[in-house]
Structure formats: C-alpha cells, structure tokens
Amino acid sequence: MPALNTQLELDDIQGIVLSGYGELPQASFLMLAFGDPEAARRWLGKTLERIDSAAAGRPQGGSRLHLAFTWPGLEHLELSWQALKGFSREFREGQAGSPRRSRILGDDGDSAPERWRWGGPHSRAIHALLMCYAATTEALETLLAEQRQILTEAGIEVVETLASQPLPGGREHFGFRDGISQPKLAGVSASQDKRHLVTPGEFILGYPNARDQYTMRPLVDPIEDPDGLLPEVIQDSDLRDLGRNGSYLVFRQLSQDVHGFWSWLDEVAPNPEARQALAAKMVGRWPDGEPLVKAPRRPAGDGADNDFGYHHEDAEGLRCPFGAHIRRTNPRDMLPPKPGTDDSLEINRRHRLLRRGRAYGPPLAESLAPDDLLSAGDDGQERGLLFLCLNADISRQFEFVQQTWVNNANFAGLHVDNDPLIGARGEGRATFTVQNEPLRRRYHDLPRFVQVRGGAYFFLPGLRALRYLAASPHRLTNGVSAPTAPATLLPDTWWLQAARKFNTAMEVGIGITRRFTRLRNVFDRAFQQPASDAVQAIILRRRRKHAIDADLAIAEERQLAGEEDVTQRITELMSAFLLRTYRHGTAERAGNTKTYGLLTAEFEVLELPDDLRCGLFREPRRFDAWVRFGGPGPRVTPDIRNNGVLSLGVKVTGVPGEMLLDDEEHTQDFSAISAPTFTTPDVYENAKLQRLIGAGLPVWYFLNPFDSHYLDMLLQGLYAKAHGSPFEVSYWSCVPYLYGKGRAFKYRFVPLLESQSQVPLPAPDNYLRLAMLRTLAKVEEVVFEMRIQFQEDPVTMPIEDASVIWTSPEIPVARLRIPRQEFAIAERDRLARELTINPWHALPEHRPLGNQNRARKQIYYETSRVRQRINGEEHFKP
Ligand code: N7H
C-alpha cells in the first residue's frame, strides 16, 4: 500500500474529517444561500475562527461548527475561474446537475431531483452548508440561535434547516446499529487491519491516494494568492493548493419507510424470528450490529464486530447474502479477479467512504425493537438518515458505490437484484436473493424503502483554504467602482434559465444560417446596401429631429456624464474575465480574441495633395508594419462559430515624432472591424453588453424589449457572416480620429484582391487561416487600400455615436502591402499574444476621438497588462 507515512497537516483539516463526533450527539445542518459576496466573505472570515481543526482532538462536550460549499457557492464568493475549473466535474455539475447523474445515483420516481425539497432544479440554489454539533440540546439551541443571528446580519438566507435527532443505542430507524464499520486512516489510526486501513489521500485532497497519485483538485496561480494564504503544491509546481486538506462531502436526505419495511417483512416471513432473520440478511448484520458472517443463524451476542472478510469466511454467501447492504457497499475481499487476496482488497480500497451520517425524525417506536416497530403501524411521520460521507473523488467513490454496487442488478453474479435496503427500484420492484443450500431463496416485489428528499455535493475546505475564500478576490485594476455583480448573482430563476436557453438557441440558429453562405452572398449583393441605408435613415431621422450634437463643432468631442466610471467597470469586467478564464501562459485578448495570423507588411503612404498631408500621411514613404487578422471574442472558437465580425489591427513602426502613449515608441496603430458600425453606439451600451455577456445572455442585449438595440442588431446582422477569407473583407474604423487641427476622419481598409474564397463545408476549425495560407501560396502580395473620409456635419456624422455610418466621400491615402511569408508558426502566434494594438499608440495629430475611443485607452492598456501578467510576459515593444 503506498504512502502510509504521509504526514497529515492536522491543524489545517476540519475536525469532522477525522471524527464523527460521537461525543456531540445533537446536530443540525443549515443550507445557506449567500446575498452580497462581500458580506458573505466577511461572515466567512468571522465564522472560520470558530472552526476546529483535527488538531483540536475529539470534542470534550461543548459544540463544534464546520463549513462546506457547493460550486455555485464558491463561484458566488468570486473565486477565480481558474480555481473553479479545478474542481471535479461531478462537483461542478452538482448532485442534481444532469439526467446522467440522476441515473448514476438511481434518483428516479419519487426520488427524482424535480421532487426534492431542497437541492433540486426547482429549489433555491444552495451555496454553503453550516454543520452544527453539540453535546446537549440546550447547547445546540444556543449555538443555532447565535449562528442564525450572525447569518441574518450578513444577509445570508437559511434555505433549509435539517435537524438530526439521535436514536438510542446508535441505531438507525429500521432498528439496526449503524456507524460500526469505517475505513481507518493510515498514519492516524492505530489499526493494522488491512481490510480497513486506507491511505488518507482517499479522503483528504493533496495527499497521495490509493494509487499513489494526487486526486484532481483546484490549484491556483501564485498571482491569485499574493498574500501567500494557500499551501504550496507538494508536487513539483509553483502553483498553490486550494484543495489540500479539503474533502468532498456528499449530503443526501434519505427518508426511510420504516412501517413499509417491517410490514413487507411481515408479509413474507412466517414468524417474528424469521422476520428478524430476513431483515438481518438484508442488512448483513443483526439489529445489535453483530455481523452475519460471524453469527449466521441467530445473534450470538458477541457484539458489533468488524473483524471479518467475505471470501474466506463465506464465499458462497450462505451466511451473509451477496446482496446484503453491507456486502454491497463494502465488498471487502470478495472482488474479482482474485477474491480473497490483497489485490482484491486493494481494488476495494479505491471505493471507500467515510460516513458521517445522522438520523432525523422521531423513531417509529422508542425501543426500535422490530416487534414494536411493526406493531406501531404507520404514523405518517417523516424520518430517515441525513446521509453524509467524505471522499476525495465523488465519482470513483460515492457514485461508484451507488452505481456499480448498490444499484447494479449484476452485482456479484446476481442479475435482477439491487440493494434490498436502499436500492432504487426504477419502474417496478426489486428482487432479493438469499443464497441457501440446497437452493437459493428469492424474495420478490421489494418496494423502495428509502427515498431521496434532497441532496448536494459540497467541498469541505482546509482552514487555510477557508481563509483564502474569505479574503477579497485579488483585483488587478485600481478599483474606483465596485465590479458589477457576477453572472451568478442574478437569481437562478426559471425565466433566467429559459432566457439562457433562448440565447443558446439563437446562437445555434445564427450558426446554422452561417452554413448557407452562397445564399447569403446573393442576399448581400441585393439587399445589404438598401437595408443598411434604411436603418441609417431611421437613426438619422431621430438625430435630426432632436438636433443631437448640433451644438458641436467639427471634430469636437463631448465628455459624457459618468463616462469614467463606466469605463472602469468595463475594464474590471474584462480583467476579471481574463483572470477567471486563463491559466498561466495561455491568456488571450478579452476581445478580438482569436488570431488568424500576424503578418509583416509595408505601409505605403501615397502621394497626396497638400491639404491631406498631415501626421503619418505627411509625405509619401514606406513604413514597416505588423498586421494582425483576428476574430471576435471573448473565447477562441472554431471559425465557423464566431459571430461573423472579423478584425484588423495594424501597427505601423518607425513613425517619427512624440506619441500619445509612452509604453511604445514610434508606433501608429490602426484597428478596424468588418462592419461599418460598431456593435455598441457608446460606452454605456457597451457596459450593458459586457454585463450580459458575463451572464451568458448577449442576445438579450439586442432583444430586450424594454431597452432594445434592434437597429444596432440589424446593422451588425447585415455585416456579420461567415467570411471566406480575412484577406477579402473590408475593415472599418467605426470610430473617428483627428486629422490634424479641426478635422476628424474615419477610415476603411479595402481589399484589392480579386478572388472570392468560399466557406468550406464542413468548415475546418481554422479555415480562415487556411484561406490566408492558400492565398499567400498563390500571390506575391496581398494589398489593402486605406481610404479615409472626413466629418462634414456633427449631427449626421457624429463623433460620439458609433452606430452612424458617415456618408462623406472616401479618399485613398495609403496601401497596406502584405508580402508572401510564412506566418502560421508558433513564434508568430506567441508574438501575436504579446502584441498590443491600441488606437492610442498614435501621433497627436491622429488622436482617437469619441467616448468609445476614450474608453479604449484605459481598457486596452489595462487588459493587455493583465494578459501579460497572466502570461508572465513583459510588454512587447516592436
Ligand atoms: Fe448504509 N441501515 O441502517 O440499514 N448501513 N445505510 N449506506 N452503509 C450500514 O457497518 C443504512 C447508505 C454504507 O463497511 C449499516 O456500520 C440505511 C448509503 C457503507 O461493512 C447499516 C441507509 C450508502 C456501510 C446501514 C443507508 C451506504 C454501511 C451497518 C439509508 C452509500 C459500511 C452498520 C437510509 C452509498 C459497510 C455498519 C461496511 C453500513 C443502514 C444508506 C453505505 C445498518 C438505513 C446511501 C459503506
């Protein structure tokens, strides 16, 4: 067995992991929903002081508190995306998270999550579990009153209180002694019994597991833990370990039909002795806990012994049936292919559970004796087990036990049975087989005795991890305004879920239309211009009617109220998105995310008439330049699934003169997209869009009838499509720039390439890059003409509104020549990630104008720094 000598950090492990707190028989479990994340963190900071570690030893009376979180809870505490992603899939998905999960667990019929009282798809989201233990009812009352008060003050709602009720003699409601058999933690327990000895890494994260490997757990980049709160990863890595000393906690409220159980037994058994014996066969132990393997016929009174195996003592199941509850849930040494050997025990060791359950509800009969339970009749009261268990890998441990052992009809050579006590019954009823000589005996029509009423998966962090969760999330921006609420702050109501589904459906729908590219091209030739003119006419009518911006001179800007706050908020949203999304070394841009290619080029200023000779265009000459062709964000997707708007970034180098930004010298950048209007008319609307992107609802931005952007949507829709090649698209600046004193211009890069590439179907993920490669293999150079147009009227050609297309004539001023070259290489892609295109890398003569340009100064600057920081890169100066 590996790693027996692993030294556990007891002072960092929550006490409940190492002990079931038999000394504290009173317990209550509070399911919590957070309000404001900041308040929740403050509450956590205070509460964690009350949580005892395993180093505190077993409790001597008094009370104890422990804390665990669901994945939505951790998200709500604004844990970074990188850390959130590190949790196991089943934990992220949740116990009721998918039909597949419910099938694995056997949660169907009355036990289906839709019917759960809590934790189901229709109930309030649960963020955390506060576990309260006490020696006496009074002590528990006091503890609960005090905790409720603190919770109320922190704006935290108690969604559900699950009060346990201890039963006499350590029994559970069917009348059997429970909690006898537990795995023993190697290095902690004195036991040398290899049937029970298990390496702690099977229950506690951050230690080697039974395979001598580290179970998957959340790790975070050191930049996200600037105060060094978390332990370092033991393996060879510079990451910090958020999982270490934590454990996954499975919680299920299992109601027991005690009357149903004993009356079913009464029907099939001829007398009280036979009734009790059959019940014992179902459990695998006599009511007092004595194992059938040791005392098969009747209790010998030797007590709740756990020192037995199955293969050598009872290979045929004649003493304890194969299908008995304890034989299914812990088959010990009977597992194939080599039952009875250490190998068999080793396999078994990968599926152990540390049980921490407690009974709830009043006993049907005080004595819990079978005869009394039967004669008590049905009192209609709810009772059962608050099943809690700890494990390092929910899928390999708890879910495996449920699926492969408890609910598996083919367990141990059986074919129609499942766990007689706790098994799911599907549509019908189950069978229970009792091996016997000369013939086995089969019992039919077992109803479901145990139903699921609620459930959730929790993460029970180590104490340092709790401290980390309580600390404010590390912000990279200098924080004037509070960041807007993350998506999960929106109540997870049915309509929001429906809206998300609608959003996805719309995106899928748009994606499908992308596949009809020829039809689309025909449509564009006929309607793109007239439709765009019509939309523009509507926008202009409104502008003229209200004489919007009529008071401004040509090239004059207007500062909008609150513009800086909004800009700050967008910057923070985007920075947070980057931090959440990317691991070290992989961060991409928050917008214009995918790089189709970064190429070298020549920027050739044309011979111009005197009145156009200004700034970069002062004299005809050639500059070296970089050109980046990119796709929309915020994620890197297959090209056919992008939103159909491509982008162009040009960085002209060696430009003489003082520049507006000082992080680079002598670079004049241009940036443009494949639509003449920008997605949002101004920063206010942009902030709304960013927020809805965060909530997974970008489509709502356009369709919300109370705050619609139909016209913007139409304009975007007219130009957004599956393009054949980035070399064959026009790119518009959308927003204006200064052209020397008193003049404002917009520009467009127009492709001079004749060819028209088709979108290949099915489209390879990077078909746009492939199209560029194909072109550069054929032609010596690809040329774009840069054309500019001047503002002629402040109302119909506004500076502050990017949804208006200017109609003044276009004048060619430069050519962008891209020679044949090899660009699809790793080095270029790395460079593309480092390169920052910022319209403020500009000569003062070409100062960016308008609110969205003003916002871009900060947004581009800060998010590129965040990106570079995540990637551990310096700012790249071309
Ligand atoms: Fe079980 N019961 O009272 O009948 N369980 N259990 N359980 N159970 C055990 O050996 C019971 C449930 C395990 O190591 C005993 O400690 C009831 C679930 C495991 O030999 C009794 C419910 C799961 C063991 C019960 C219930 C398990 C075990 C004997 C539901 C996991 C240890 C006492 C209401 C998926 C086996 C003992 C071993 C023992 C009962 C649920 C697992 C009496 C009533 C959901 C691993």
Side-chain angles (χ1 to χ4, degrees), residues 8-32 44 47-70 73 91 126 128-136 139-140 143-144 147 161-164 166 170 178-185 187-189 198 200-207 217 243-253 352-360 385-394 397-398 455-467 469:
L8 285 180
E9 294 167 343
L10 292 180
D11 59 351
D12 198 40
I13 299 171
Q14 294 200 44
I16 191 69
V17 177
L18 289 227
S19 156
Y21 290 166
E23 303 81 352
L24 307 177
Q26 305 296 332
S28 241
F29 302 94
L30 310 190
M31 303 288 164
L32 311 179
L44 174 54
T47 304
L48 65 85
E49 300 299 330
R50 271 285 269 124
I51 292 173
D52 283 299
S53 74
R58 304 193 62 132
Q60 316 280 321
S63 64
R64 290 258 168 118
L65 279 184
H66 291 288
L67 250 183
F69 302 87
T70 59
F91 173 67
I126 286 164
L129 165 68
L130 183 63
M131 309 160 77
C132 307
Y133 296 90
T136 61
L140 184 65
L143 178 67
L144 284 175
Q147 289 305 313
T161 300
L162 296 162
S164 89
D178 198 0
I180 304 159
S181 178
Q182 292 280 21
K184 305 277 181 221
L185 296 201
V188 179
S189 164
V198 184
E202 282 293 299
F203 307 103
I204 307 171
L205 293 166
Y207 299 88
R217 63 204 187 284
R244 188 169 167 88
N245 297 319
S247 181
Y248 287 111
L249 183 135
V250 175
F251 199 123
R252 274 158 89 76
Q253 182 181 7
R352 299 299 307 272
L353 308 171
L354 261 183
R355 289 176 299 141
R356 293 287 178 258
R358 299 271 173 144
Y360 74 96
L385 176 68
L386 299 174
F387 176 85
L388 280 81
C389 77
L390 297 167
N391 48 190
D393 185 333
I394 299 176
Q397 294 170 277
F398 170 70
Y457 289 154
F458 294 95
F459 171 61
L460 185 92
L463 293 180
R464 276 178 288 180
L466 282 175
R467 226 156 273 140
L469 291 171

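Quantities reported herein were computed from a predicted structural model and do not represent experimental measurements.
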Using a 3.5 Å distance criterion without hydrogens, assess whether the side chain of [X] forms a donor-acceptor pair with backbone atoms of [Y].
X: Gln14; Y: Leu463; answer: no
X: Gln397; Y: Phe203; answer: no
X: Arg356; Y: Val17; answer: yes
X: Arg358; Y: Ala163; answer: no

What distance separates [X] [atom1] from [Y] [atom2], expressed to the nearest 0.5 Å?
X: Leu388; Y: Leu353; atom1: CG; atom2: CG; answer: 12.0 Å
X: Ser247; Y: Glu202; atom1: OG; atom2: CD; answer: 10.5 Å
X: Phe29; Y: Thr161; atom1: CZ; atom2: OG1; answer: 12.0 Å
X: Arg64; Y: Ser19; atom1: CZ; atom2: OG; answer: 8.0 Å
X: Ile51; Y: Leu130; atom1: CD1; atom2: CG; answer: 7.5 Å
X: Ile16; Y: Asp52; atom1: CD1; atom2: CG; answer: 11.0 Å

Exercise: identify the closest heavy-atom pair between [X] and [Y]:
X: Pro461; Y: Ala68; answer: CD-CA, 4.3 Å
X: Leu143; Y: Arg50; answer: CD1-NH2, 2.9 Å
X: Ser164; Y: Pro25; answer: OG-O, 4.3 Å
X: Ala134; Y: Leu140; answer: CB-N, 3.4 Å
X: Thr136; Y: Gln26; answer: C-CG, 3.4 Å
X: Cys132; Y: Leu65; answer: SG-CD2, 3.6 Å

query: Which residues pass the side-chain hydrogen bond (donor to acceptor under 3.5 Å, both in side chains) test with Arg467, sequence neighbours left out?
result: none
message: Applying side-chain contact (heavy atoms from CB on, under 4.5 Å) to Cys389 and Arg352, what does each step give before you reach the verdict?
response: CA-CA 10 Å; Cys389 77; Arg352 299 299 307 272; over 6 Å; no
message: Tell me whether the NZ or CZ atom of Arg355 lies within the 45° cone about the ring axis of Phe387 and under 6.0 Å from its centre.
response: no
Contact list for residues 11-22, test salt bridge (Lys or Arg N to Asp or Glu O under 4.0 Å), sequence neighbours left out: Asp12-Arg464
Partner of Leu129 under side-chain contact (heavy atoms from CB on, under 4.5 Å), chosen from Leu162, Thr70, Leu249, Leu460: Leu249
message: Taking Arg58 first and then Glu23, would you say they form a salt bridge - that is, a charged N and a carboxylate O separated by under 4.0 Å?
response: yes
Does the side chain of [Y] come within less than 4.5 Å of [X]'s, by heavy atoms?
X: Leu48; Y: Leu67; result: no
X: Leu30; Y: Leu144; result: yes
X: Leu469; Y: Phe459; result: no
X: Phe458; Y: Met31; result: yes
X: Arg244; Y: Tyr207; result: yes
X: Val198; Y: Leu354; result: no
X: Ser53; Y: Ile13; result: no
X: Tyr133; Y: Pro59; result: no

Test side-chain contact (heavy atoms from CB on, under 4.5 Å) applied to Arg252 and Phe398, step by step: CA-CA 11 Å; Arg252 274 158 89 76; Phe398 170 70; 3.5 Å; yes
task: Please find out if less than 6.0 Å separates the ring center of His66 from that of Tyr21.
output: yes
message: Using 30° and 60° as the class boundaries, would you call the ring planes of Phe91 and Tyr248 parallel, tilted or perpendicular?
response: tilted
message: Applying side chain to side chain contact (heavy atoms under 4.5 Å, CB included), can you list everything that pairs with Ala135, at least two apart in sequence or on another chain?
response: Leu24
- request: Check the pair Phe69, Leu44 against side-chain contact (heavy atoms from CB on, under 4.5 Å), reporting the backbone distance first and the verdict last.
  value: CA-CA 11 Å; Phe69 302 87; Leu44 174 54; 3.9 Å; yes
